[in-house]
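Note sheet for the following structure.
As the structure is a computational prediction, the values presented were derived from the model and not from experiment.
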Amino acid sequence: MVEVQFRFRDDEAVNDPAVTVDAFSEQSNATAVRIEPGDDARVLLPYLDRISLVEVNFPAWTDGRGYSAARILREAGYTGEVRAVGDVVIDMLGHLQRVGFDAFAPDKALNPDDAKATFARWDNVYQATAVDGRQAIWAKRHPA
């Protein structure tokens, strides 16, 4: 089990062991899934009602495929915990939160003050997401 450093949810933390996406499709009782780079998060969409945790692994901070996995899940209506695990660095935190991550378990502990600052860093954003409801800066400049 990974150690969560930051969590932005009011419900009880999920401590179930996560199985791989392939193993999940072969088990009927798993409630936690771990998405690795190259896994297709859309495979999980029919089962979102029984999954309480999705861990998304970032083996290297330069591998951004996990961002898409979180966004796909959130836009499909997933309300469970989405946890970023692995090589998660300060510069990623705000962006990860915007696409739907609500828990963070970095391999190396991050400075809490730096993390707090990065979560609140940008007032305006370029991309609109269904996750945080923030209006993109271009839409503010050119209202319909």
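When side chains are defined from C-beta on, I35 counts as touching L44, because their heavy atoms get closer than 4.5 Å. Side-chain contact between M92 and V89 is present, with at least one heavy-atom pair separated by less than 4.5 Å. Using a 4.5 Å heavy-atom threshold, the side chains of D107 and V85 count as separate.
A donor-acceptor contact shorter than 3.5 Å links the side chain of D102 to the backbone of V82. With hydrogens and angles ignored, the 3.5 Å screen pairs no side-chain donor or acceptor of T31 with any backbone N or O of S52. R9 contributes a side-chain N or O that, together with a main-chain N or O of G80, makes up a donor-acceptor pair within less than 3.5 Å. Here the side chain of T118 pairs no donor or acceptor atom with the backbone of A115 at under 3.5 angstrom. For the pair D39 (side chain) and E36 (backbone), a donor-acceptor distance under 3.5 Å is present.
Residue N29 places its CG atom among more than 12 non-hydrogen atoms of other residues, nucleotides or ligands, all under 6.0 Å distant.
Cluster annotation: Y47 and V56 are assigned to the same hydrophobic cluster (Ile/Leu/Val/Met/Phe/Trp/Tyr, side-chain heavy-atom contacts under 4.5 Å, transitive). Hydrophobic cluster membership differs between V54 and V4, with clusters built from Ile, Leu, Val, Met, Phe, Trp and Tyr side chains linked at under 4.5 angstrom.
When all heavy atoms of A13 and E81 are compared, the pair lying nearest together is CA-OE1, 4.3 Å. Across all non-hydrogen atoms, the minimal contact from A84 to F58 is CB-CE1, 4.0 Å. Scanning both residues, Q5 and A109, for their nearest heavy atoms gives OE1-CA, 3.5 Å. A30 and R50 make their closest contact through O-NH1, 3.4 Å (heavy atoms, listed as atom of the first residue, atom of the second, distance). Nearest heavy atoms, A32 versus P17: CB-O, 3.6 Å. Minimum interatomic distance between V43 and P46 (heavy atoms only, all atoms of both residues): O-CD, 3.4 Å.
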Q | W61 vs V88, side chain to side chain contact (heavy atoms under 4.5 Å, CB included): CA-CA, chis, key distance, verdict | A | CA-CA 6 Å; W61 67 268; V88 176; over 6 Å; no
Q) Run the side chain to side chain contact (heavy atoms under 4.5 Å, CB included) check on D16 and L53 step by step: do they pass? A) CA-CA 8 Å; D16 299 343; L53 167 66; 5.8 Å; no
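Expressed to the nearest 0.5 Å, how far NE2 of H95 lies from CG of L93 amounts to 9.5 Å.
For the side chain to side chain contact (heavy atoms under 4.5 Å, CB included) with L73, the lone residue among I51, L48, V99 that qualifies is L48.
Residues that satisfy the side-chain hydrogen bond (donor to acceptor under 3.5 Å, both in side chains) test with D40, not counting sequence neighbours, are R42. In this structure, D87 has no side-chain hydrogen bond (donor to acceptor under 3.5 Å, both in side chains) partners at least two apart in sequence or on a different chain.
Using bins of under 30°, 30° to 60° and over 60° for the plane-to-plane angle, the ring pair F101/F104 lands in the tilted bin.
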